[in-house]
Amino acid sequence: MNGGPLIVQSDKTLLLEVDHPDAQACRMAIAPFAELERSPEHVHTYRLTPLGLWNSRAAGHDAESVVDALIKFSRYPVPHALLVDVAETMDRYGRLQLLNDPVHGLVLRGLDKIVLLEVSKSKKLAGMLGARLDDETIAVHGSERGRLKQALLKLGWPAEDLAGYVDGEAHSIDLAEDGWTLRSYQQEAVDGFWAGGSGVVVLPCGAGKTLVGAAAMATAKATTLILVTNTVAGRQWKRELIARTSLTEEEIGEYSGERKEIRPVTIATYQVLTSRRGGTFTHLDLFGARDWGLVIYDEVHLLPAPIFRFTADLQARRRLGLTATLVREDGREGDVFSLIGPKRYDAPWKDIEAQGWIAPAECVEVRVTLTEAERMTYAVTDSEERYKVAATARTKLPVVKALIDRHPDEQVLVIGGFLDQLHTLGEYLDAPIVEGSTTNKERERLFDAFRSGELRTLVLSKVGNFSIDLPEAAVAIQVSGTFGSRQEEAQRLGRVLRPKGDGRQAHFYTVVSRDTIDTEYAAHRQRFLAEQGYAYTIVDADDVLGPPLPQVD
DNA sequence: CAGCTAGAAA
DNA sequence: AGAAATTCTAGCTG
């Protein structure tokens with residue numbers, strides 16, 4: 001219509017022309033409700049999904065604002081049927097509400113009687129609903145609050161949960177007042193969460209998600225259960241809470257493989273909760289050990305399946321999910337939506353970078369050419385092993401070294417997915433390795449040495465995908481990854497995004513073998529970051545290695 | 001009680 | 001669609 005950057009197609013894909021002058025504004029406008037699917041050089045593909053639309057609906061956007069954005073940036077007339085579909089899909093959220101009735105307890109109310117009638121006939125809801133109280137109200141078994149929301153989402157009628165929460169056991173928690181305040185986006189995130197009751201806050205790694213958690217605790221002023229991915233991450237939470245809140249060492253317990261403390265604020269690992277013996281979960285008591293007023297899920301994109309089940313029974317407690325990437329590789333975003341809650345806040349990474357709260361980062365994909373012999377091996381390897389062969393090619397070694405040498409004054413993390421490759425690298429670079437078998441004690445020692453500057457280079461296995469706080473790292477070099485995991489890429493970039501004291505830039509290199517599936521996987525991993533506005537420059541390994549040394553024979 | 005190892009789970 | 005890696009428990013040792 002007006003030469004805009006966006007082509008809206010009736011199959012619900014949106015094509016964004018990247019080089020168009022309005023592309024950036026358009027990206028900002030559609031990001032709240034559309035999911036990026038592909039991001040090659042010139043045209044990015046987004047998709048409209050029901051979940052994306054419902055998340056933006058829950059965040060207070062109405063169908064009109066979505067329709068306006070599509071029409072405003074569209075190059076051609078937007079298919080009418082698609083606009084109708086957007087409006088209808090968004091309108092499905094909240095037509096059913098879960099409420100707390102003073103007489104009947106938990107009830108499902110239909111703002112639309114027909115919808116209520118329709119879902120009440122569904123076999124999927126059998127056993128969850130009780131007596132029909134009137135035209136627009138049906139009693140709900142209190143214990144089924146979570147499972148009912150899951151089922152309704154699957155039926156396409158996600159309920160708005162207004163049934164409220166128990167306060168839990170009160171516990172005095174305040175933010176410490178010595179010379180710092182929450183950043184504006186952190187405050188907005190906490191306000192959004194609290195107003196919504198429960199849900200997910202999406203912020204980049206390094207943007208201070210722990211402080212959002214601390215502020216939520218200071219708002220709830222109640223006993224809190226914090227679930228984290230591993231023990232070291234848990235200790236970082238503890239350290240941060242002691243520094244930034246009125247909580248003392250004695251008030252915070254660690255519930256991990258090593259210790260089983262239950263205190264007013266308890267930090268537990270997902271693994272310990274999901275561990276079982278003889279088919280029964282052994283540590284479930286933790287959920288009932290106290291009258292928790294708030295449950296915080298760190299790295300909610302990694303939440304293991306059993307935790308979803310327990311969470312279904314925790315619907316009367318306030319739940320805060322924290323993550324940098326809401327995308328899950330297992331497609332269970334719907335369960336996060338119905339059981340933890342809708343997305344309550346997110347901010348584009350580039351916005352927070354523009355405010356100076358995370359370091360600007362340059363992303364470079366370095367392509368190496370395999371040697372004749374490596375190409376031969378690759379060619380004769382069957383498909384299952386191929387990725388490993390391509391990703392762990394020895395040709396990458398000197399390239400990694402050259403990249404490190406390009407930043408002589410920076411601390412460097414080398415991150416990969418295959419242990420033997422990492423051991424080779426560790427020897428080659430004379431750098432220590434942190435992997436799964438590294439004891440927590442040793443990890444903390446190495447991380448401390450790195451933080452203090454004593455150690456310049458550290459090699460990390462998949463443990464580096466999880467929250468590790470290493471503020472000094474300014475350069476990360478990725479040598480291999482898992483499949484094409486988008487969240488992994490984001491976590492790894494996140495390792496270098498903590499703002500540097502003097503505003504230095506961060507560098508993220510990904511070293512990839514040319515003409516192999518290594519290249520494809522790398523492209524897949526980069527998708528999420530492309531959505532956040534990070535563009536990769538592709539360079540040849542020879543440009544990194546510099547001119548070849550003269551041959552001496 | 002710290003440190004190590006094997007074995008299970010997802 | 002599959003393989004690798006991680007993290008837990010439990011049992012042993014000095």
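Lettering follows sequence order; numbering is per chain, from 1. Side-chain atoms are counted along with the backbone in the values below, which use heavy atoms only and exclude waters and symmetry mates.
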Point to revise | N-O pairing of A:E254 and A:R263 below 4.0 Å | key: no
How would you label the contact of [X] with the nucleic acid (heavy atoms, under 4.0 Å): base, sugar-phosphate, or nothing?
{"X": "A:T231", "result": "sugar-phosphate"}
{"X": "A:Y270", "result": "nothing"}
{"X": "A:R443", "result": "sugar-phosphate"}

Determine whether a donor-acceptor pair (N or O, by modelled atom type, separation under 3.5 Å) exists between the side chain of [X] and the backbone of [Y].
{"X": "A:E374", "Y": "A:T371", "value": "yes"}
{"X": "A:Y270", "Y": "A:D298", "value": "yes"}
{"X": "A:R147", "Y": "A:R145", "value": "no"}
{"X": "A:Q186", "Y": "A:A207", "value": "yes"}
{"X": "A:E435", "Y": "A:S461", "value": "no"}
{"X": "A:T457", "Y": "A:A431", "value": "no"}

Will you find, in the side chains of [X] and [Y], an N or O donor that is under 3.5 Å from an N or O acceptor?
{"X": "A:Q478", "Y": "A:R492", "answer": "yes"}
{"X": "A:T323", "Y": "A:E299", "answer": "no"}
{"X": "A:R514", "Y": "A:T369", "answer": "yes"}

Exercise for review: Would you please enumerate the stems DNA chain C participates in, each stem being three or more consecutive Watson-Crick or G-U wobble pairs with both distances under 3.5 Å?
Suggested key: B:1-9 with C:6-14
Revision key, fill the gap. DNA chain C nearest-nucleotide lookup for A:N440 and A:L419: closer to the 5′ end is A:L419
Which atoms of nucleotides 3-7 of chain B (N or O only) lie under 3.5 Å from a protein N or O atom, and what are those distances?
unit_1 : atom_1 : unit_2 : atom_2 : d
B:dG3  : OP1    : A:K441 : NZ     : 3.1

Review point. Which of residues 423-437 of chain A sit near DNA chain C, with a heavy atom under 4.0 Å from it?
Key: A:E435, A:G436
**Study point:** Opening and closing nucleotides of DNA chain C in contact with chain A, under 4.0 Å to non-hydrogen atoms
**Key:** C:dA1 to C:dA10
Check your understanding: What pairs with A:F33 under ring pair (Phe, Tyr, Trp, His ring centres under 6.0 Å), at least two apart in sequence or on another chain?
Key -> none
Check your understanding: For the pair made of NZ in A:K260 and P in B:dC1, what is the distance, rounded to whole Å?
Key -> 14 Å
**Study point:** Residue pairs, two or more places apart or on separate chains, that pass ring-ring contact (aromatic ring centres under 6.0 Å, His included) and touch residues 296-321 of chain A
**Key:** A:F281-A:F310, A:F287-A:F310
Check your understanding: More than 12 heavy atoms of other residues, nucleotides or ligands under 6.0 Å from CZ of A:R239: is that the case?
Key -> yes
